[in-house]
Visitor: 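Take this structure first; my questions come after.
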Amino acid sequence: MSQGLLGTLWAQGQAAARFWRERRWLRLAVNLGLGAGLVVVLSWLFWSDLQRVLAEDIAFSLPHLAGAVLLYGLNLAPFIIVWRSIVERLGGPPGWRHNAVRYANTSITRFLPTPAWFLVSRVQVYAQNGLGRRAALAMTALETLLHMYTGAAFYGVLAFEPGRPLTWLYLLLLAPAAAVLVQPHWLNLRWMSGARPVPGVRRRDILLWLGLYTLTWVIAGPFLGWTIRAFSTVPLLPMPELWRIWALSN
């Protein structure tokens with residue numbers, strides 16, 4: 001009886017999947033509805049927070065806020081360049097516009113609770129182009145790993161003080177970069193994608209990714225400073241302190 005029930009449920013699931021695949025208009029309507037709902041939720045959260053800020057009679061500087069928004073937008077460029085490169089090297093669809101749009105769309109879901117929304121949306125949009133789920137997850141994992149690593153290394157370099165022997169340990173954070181430059185194929189993440197990616201990662205790709213991701217941490221310092229200035233008149237910390245705070249908190 002249990003096998004018959006499982007078989008029935010499996011058949012119903014297959015039928016539902018076929019129904020979903022064959023009705024592109026329905027998928028479009030659902031995606032548009034979810035997208036509109038997400039925009040409404042994020043807009044409401046922003047407006048609620050802004051109302052609380054204004055109610056507390058906190059200083060507000062529109063020029064500094066505009067500058068912070070501009071820097072945030074500028075900081076998206078290195079992320080998009082690296083993402084497009086990762087997708088191309090690990091066997092995904094090439095092309096700037098395609099990958100930039102999908103990166104921007106799926107990045108919105110990063111702000112939702114739990115990473116499940118982000119991961120599912122990233123896998124789903126690339127599955128529409130025939131890319132396997134494991135490959136899409138491997139690309140996302142590599143992107144996350146590189147960004148976390150460059151942030152840790154950036155923090156370590158800033159925290160290094162020659163007169164304090166303990167801080168010399170931070171220099172060990174540079175070892176992984178040296179290792180993957182010697183063995184770039186490690187970043188193919190074949191164990192995750194389940195297949196050998198074509199064309200695969202090269203040393204110059206790694207140098208480009210590390211350089212651009214480090215640039216995002218550099219831009220983040222002024223962004224944090226201008227964001228603080230938008231809502232406060234207290235003296236700012238020195239830029240190295242802002243960089244360390246941003247890197248450590250992220």
Visitor: Does one side chain, of Thr106 or Arg122, offer a donor that lies under 3.5 Å from an acceptor on the other?
Guide: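 Looking only at side-chain atoms, Arg122 and Thr106 do form a donor-acceptor pair, the distance falling under 3.5 Å.
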
Visitor: Using modelled atom types and a 3.5 Å cut-off, is there a donor and acceptor pairing between side-chain atoms of Asn75 and backbone atoms of Leu71?
Guide: no

Visitor: Under a 3.5 Å distance rule, please check whether Asp205 uses its side chain to pair with a backbone N or O of Ile86 as donor and acceptor.
Guide: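 It does not hold such a pair.
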
Visitor: Out of curiosity, Leu137 CG to Leu189 CG, how far, rounded to the nearest 0.5 Å?
Guide: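 Leu137 CG to Leu189 CG: 11.0 Å, rounded to 0.5 Å.
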
Visitor: Is the shortest heavy-atom distance from the side chain of Arg203 to the side chain of Pro184 under 4.5 Å?
Guide: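 Yes. Closest side-chain heavy atoms under 4.5 Å.
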
Visitor: Donor-acceptor pair, Arg84 side chain versus Trp96 backbone, under 3.5 Å?
Guide: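 Checked: no pair found.
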
Visitor: Taking the basic N atoms (NZ, or NE/NH1/NH2) and the acidic carboxylate oxygens, is any pair closer than 4.0 Å for Glu143 and Arg110?
Guide: yes

Visitor: Using atom types as modelled and distance alone, determine if a side-chain donor or acceptor of Tyr149 lies under 3.5 Å from a backbone N or O of Ala177.
Guide: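 It does hold such a pair.
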
Visitor: Would Val180 and Leu173 show up in the same hydrophobic cluster when neighbours are defined by side-chain heavy atoms closer than 4.5 Å?
Guide: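 Per the 4.5 Å side-chain linkage, Val180 and Leu173 are not co-clustered.
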
Visitor: When you look at CH2 of Trp217, are more than 12 heavy atoms from neighbouring residues, nucleotides or ligands closer to it than 6.0 Å?
Guide: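 Atom CH2 in Trp217 is packed in, count exceeds 12.
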
Visitor: Evaluate the side-chain proximity of Pro176 to Trp186: yes if any heavy-atom separation is below 4.5 Å, no if none is.
Guide: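 A side-chain contact is absent here, since even the closest heavy-atom pair is not under 4.5 Å.
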
Visitor: Report the C-alpha separation of Val82 and Leu208 in whole Å, then their side-chain angles, then the decisive distance to 0.1 Å, and conclude whether the side-chain contact (heavy atoms from CB on, under 4.5 Å) test is met.
Guide: CA-CA 8 Å; Val82 174; Leu208 173 68; 5.6 Å; no

Visitor: Determine, step by step, whether Val201 and Trp209 satisfy the side-chain contact (heavy atoms from CB on, under 4.5 Å) criterion, reporting the C-alpha distance in whole Å, the side-chain angles of both residues, the deciding distance to 0.1 Å, and the verdict.
Guide: CA-CA 11 Å; Val201 178; Trp209 299 343; 3.8 Å; yes

Visitor: Distance check, rounded to the nearest 0.5 Å: His147 atom NE2 versus Leu212 atom CG?
Guide: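 Taking NE2 in His147 and CG in Leu212, the distance rounds to 11.5 Å.
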
Visitor: Check for me, please, whether Val218 and Leu242 land in the same ILVMFWY cluster - side-chain distances under 4.5 Å, paths through other members count.
Guide: yes

Visitor: Is the ring pair Phe223/Tyr72 parallel, tilted or perpendicular, if the boundaries are 30 and 60 degrees?
Guide: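 Geometry flag for Tyr72 against Phe223: tilted rings.
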
Visitor: Any luck finding a side-chain donor-acceptor pair between Tyr126 and Asn99 under 3.5 Å?
Guide: yes

Visitor: Please determine whether side-chain contact (heavy atoms from CB on, under 4.5 Å) holds for the pair Leu236 and Arg229, giving the CA-CA distance in whole Å, both sets of side-chain angles, and the decisive distance to 0.1 Å.
Guide: CA-CA 8 Å; Leu236 283 180; Arg229 275 293 186 209; 3.8 Å; yes

Visitor: Is the number of heavy atoms from other residues, nucleotides or ligands under 6.0 Å of Met239 CE greater than 12?
Guide: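 Atom CE in Met239 is packed in, count exceeds 12.
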
Visitor: Measuring centre to centre across the rings, with the benzene-like ring taken for any Trp, is Phe79 within less than 6.0 Å of Tyr213?
Guide: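 Yes, they do, as the ring centres are separated by less than 6.0 Å.
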
Visitor: Hey, is the main chain of Ile245 close enough, under 3.5 Å, to the side chain of Ser249 for a donor-acceptor pair?
Guide: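 Checking the backbone N and O of Ile245 against the side chain of Ser249, a donor-acceptor pair under 3.5 Å is found.
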
Visitor: Using the six-membered ring wherever Trp is involved, compare the ring planes of Trp83 and Tyr103 and label them parallel, tilted or perpendicular (cut-offs 30° and 60°).
Guide: tilted

Visitor: Are Leu237 and Phe154 in one and the same hydrophobic cluster, where Ile, Leu, Val, Met, Phe, Trp and Tyr link if side-chain heavy atoms are under 4.5 Å apart?
Guide: yes

Visitor: For Ile228, does its backbone N or O pair with a side-chain atom of Ser232 as donor and acceptor, under 3.5 Å?
Guide: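 Side chain of Ser232 to backbone of Ile228: no pair is present.
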
Visitor: For Pro162, is there any backbone N or O sitting under 3.5 Å from a side-chain donor or acceptor partner on Trp168?
Guide: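 Here the side-chain-to-backbone pair exists.
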
